[in-house]
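Only one structure is covered here, and it is reproduced in the block below.
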Number of protein chains: 2
Amino acid sequence: MNNKRSSKTEKVIGHQFTAFYKIPIEKFFQFALSVDCIILGYHENRLKLLLIERGAEPHLGKMALPGDLAYPNEDINLAASRVLLDLTGLTDVAMIQTNTYGQVDRHPIGRVVTVGYYSLINVDQYSPLASSWAGNVLWADIDDLPDLAFDHKSIVGDALRILRERVRSQPIGFELLPKKFTLGDMQSLYEALLNTKFDKANFRKRMLSMGLLKDTKEIQTEVAHRPARLFTFDKVAYENLIQKGFTFEL
Amino acid sequence: MNNKRSSKTEKVIGHQFTAFYKIPIEKFFQFALSVDCIILGYHENRLKLLLIERGAEPHLGKMALPGDLAYPNEDINLAASRVLLDLTGLTDVAMIQTNTYGQVDRHPIGRVVTVGYYSLINVDQYSPLASSWAGNVLWADIDDLPDLAFDHKSIVGDALRILRERVRSQPIGFELLPKKFTLGDMQSLYEALLNTKFDKANFRKRMLSMGLLKDTKEIQTEVAHRPARLFTFDKVAYENLIQKGFTFEL
DNA sequence: TAGCTTATGGTTAATTTTACCAAAACACGT
DNA sequence: ACGTGTTTTGGTAAAATTAACCATAAGCTA
C-alpha cells in the first residue's frame, strides 16, 4: 500500500504520505505547542493543586493550570521546567509527562496542542503558601477545585489517575513529604492519595521492611503524645535495591 | 509574579506570558505535529513490531515506525487511527498514547513534534504477515530490530516499557491473542511479554479464578498431545467485575 | 498398544497479609 | 507528682495467598 502511494508522488518531502495528498508541506507547520503543569503539593493532610488566575483572554479571570507556549526552538521537556521555574522559582524538579491533548478546538486562539506535565512538590521545601494565597496564585484543594479554563479540568483528572497508579509502584510519594517525616506522616499521605485506610502497625512494618527509610535518630517534638521517630528517604539504598530487581509495591 | 508580568504587558493574547516576551504570537505557530504508531503483534511465540521502509528522504530506505503528519484541522488521536487504517486496513483498534517527543532537532525537515501511540494487534484477525513480508512492510521481531529512522528506537523502547507495566495491571494481553485461545497460548504470551516463566498449573488456576475466561467447550485439534480447551475473553464479565472494584493483577 | 507430550486437577508447605494486643513515651491538667 | 489522653512501637497468631510439586488424563504417533 505504501508502494502505491509513493508511485503517485512526484516529490516526497519529509514524510511518507504527505506529498500524496497534494498539500504543500508548509501547511503542516501551523501548530503551536504548549505545556501545562499539574503541580501537586501536600499540606495539612490534603492534596493541593497549584492554580493561577488568568490575566488574559480567553477565559480572563478564570483559574487555570500554569502553562505557556513553547518556543519554536525549545525542547518541550525543557519548556515544562522553564514554566515551573518562572512560576515557582523551583529548579531540579522532575517534570513527568502525562498526556498530550490535541482536540482541534480546545484553544480559541488557534491550533494549540498541549502537553501535560505533573510534578510533586514538597511544600515545606518550597513553601509557596504564604506568599501565594494573597495573589492570583492559589493552592486549591484537589477535591474542591474551582472552574478551570480550557480543558484543564480533564487534564487534571487524567494526571491524578496517572499519579495514583504510579504512586503505588514507585516511591514518588516521598517527593510530597518534607525531608524528615514520621511514619504517620507517610501513612496519612498515602491514605489521602489513594483514598484508603491502612492498619497503622502493618503499614509501618511494610515500609520499614523495604529498607528505603533511614532512621535519623531524631524524634518529633512539641506533640501531645509519644513522639515518633523521624525518617528520611534513602535514595542510595533505593537505587541499590532497584539494581537487584526490587520493585516498590503498595 | 504573575502580576508583575501582566502589568508590563500592553496586550496579552491567548496565553499568560507570551506577550511579555515581546514575540508576536504568530511566531509560536510554527510546529508540525506527527503521530508514530507502535503496532505490536504476537506470532509464533514472539512479539512483533510493524515497520515500514521509508520511501523518502530523510532516512530513505531505513525502517521506521508507521507515522504521518497530522493535518492542521485533525484531532491527533484521530490522526493516529487514520494512520493505522491507511497502513493496515484496521479500524476500531484502540490507539493508546505513550509519550510525546519534542526535542528540537529530532526531525531534519523542521520542528516536528511527534506523539507515540501503541496498539496491540491480534495477528490472526488481521493477518498481515502473508502480504506484508514481501513488500516494504515488515513485522520485525522485537528483540531483533533493524536500525530505525529518527528517534524511533527510543520511542519503541519507551512504548515497550509502558506496555510491560500496563500489561500486568490490565487484561490487555488478550488483544494480542486470537479470539479463541488455550491457557498455554496465554501463558506463552505473558512469558514472552514479561520475559519470565510461570508455573503452568498455578498460572492456570490464577487465570481461571479471576472469572475473565469463558469456556467455549471446544478443544484444540491436530496437536500431538492431549488437546487443551479453548477459551475466550469474557469482556462482559470483566466490566462487571470492574464495577465491583476488581483489578486485574499479575 | 506402548510411548510421548501437554493438559488438568489436586495436595501441601512456605510465605505474606491481616487483625489485634499491650506496653512505651510524651504533654497536659489537676 | 501523678493520672489521663493520645500516638508510637514491638509483637503474636490466625487467615489467606503463593509456590512447589505430583499424579492422572487425553490426545497423537509409531
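All chains are named by letter (A, B, ...) in the order of the sequence lines, taking the proteins before the strands, and each is independently numbered beginning at 1.
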Would you kindly give the CD-to-P distance between B/Glu249 and D/dT18, to the nearest whole Å? 10 Å
Compare the minimum distances between each of D/dA20, D/dT7, D/dT9 and the side chain of A/Arg204, then state the nucleotide with the smallest one. D/dT9
Take the protein atom CG of B/Asn202 and the nucleotide atom P of C/dA13, then report the distance between them rounded to whole Å. 16 Å
How long is the line joining CD of B/Gln220 and P of C/dA7, in whole Å? 7 Å
To the nearest angstrom, how far is B/Phe203 atom CZ from C/dT8 atom P? 13 Å
What are the two closest non-hydrogen atoms of A/Val93 and A/Leu120, and how far apart are they? CG1-O, 4.5 Å
Would you say B/Arg229 reaches C/dT8's phosphate, i.e. side-chain N/O to OP1/OP2 under 4.0 Å? yes
Give a yes or no answer on whether the side chain of A/Asp199 reaches the backbone of A/Asn202 with a donor-acceptor pair at less than 3.5 Å. yes
Should A/Glu218 and A/Lys180 be marked as a salt bridge (Lys or Arg N to Asp or Glu O under 4.0 Å) after you check the CA-CA gap, both sets of side-chain angles, and the distance that decides it? CA-CA 9 Å; A/Glu218 298 173 59; A/Lys180 297 173 185 179; 2.6 Å; yes
For residues A/Ile39 and A/Leu84, determine if any side-chain heavy atom of one lies less than 4.5 Å from a side-chain heavy atom of the other. yes
Could you tell me whether the side chain of A/Gln220 and the main chain of A/Leu230 form a donor-acceptor pair under 3.5 Å? no
To the nearest 0.5 Å, tell me how far B/Leu177 CG sits from B/Glu175 CD. 10.0 Å
Between A/Lys205 (NZ) and D/dG10 (C1'), how many Å, whole number? 8 Å
Round to a whole Å and report the spacing from NE2 of A/His225 to C1' of D/dT7. 5 Å
Look only at the side chain of A/Asp158 and the backbone of A/Ile155, and say whether a donor-acceptor pair between them is shorter than 3.5 Å. no
First of B/Ala224 and B/Ile219 reached from the 5' end of DNA chain C, by closest nucleotide: B/Ala224
Given A/Phe181, which of A/Phe231, A/Tyr190, A/Tyr42, A/Phe174 fulfils the ring pair (Phe, Tyr, Trp, His ring centres under 6.0 Å) condition? A/Phe174
Could you list the residues that satisfy salt bridge (charged side-chain N to carboxylate O under 4.0 Å, His left out) with A/Arg204, not counting sequence neighbours? none
Over the length of the helix from C/dT1-D/dA30 to C/dT30-D/dA1, how much do the five-pair end axes diverge, rounded to 10 degrees? 0°
Taking only heavy atoms on the protein side, list every residue of residues 178-200 of chain A lying under 4.0 Å from any atom of DNA chain C, sorted numerically. A/Asp199
Check: D/dT8 base within 3.5 Å donor-acceptor of A/Arg226 side chain: yes
B/Arg206 side-chain proximity, nearest of D/dA19, D/dG27, C/dG9: D/dA19
Taking the nucleotide of DNA chain C with the closest heavy atom to each, which residue, A/Ala201 or B/Phe231, is nearer the 5' end? B/Phe231
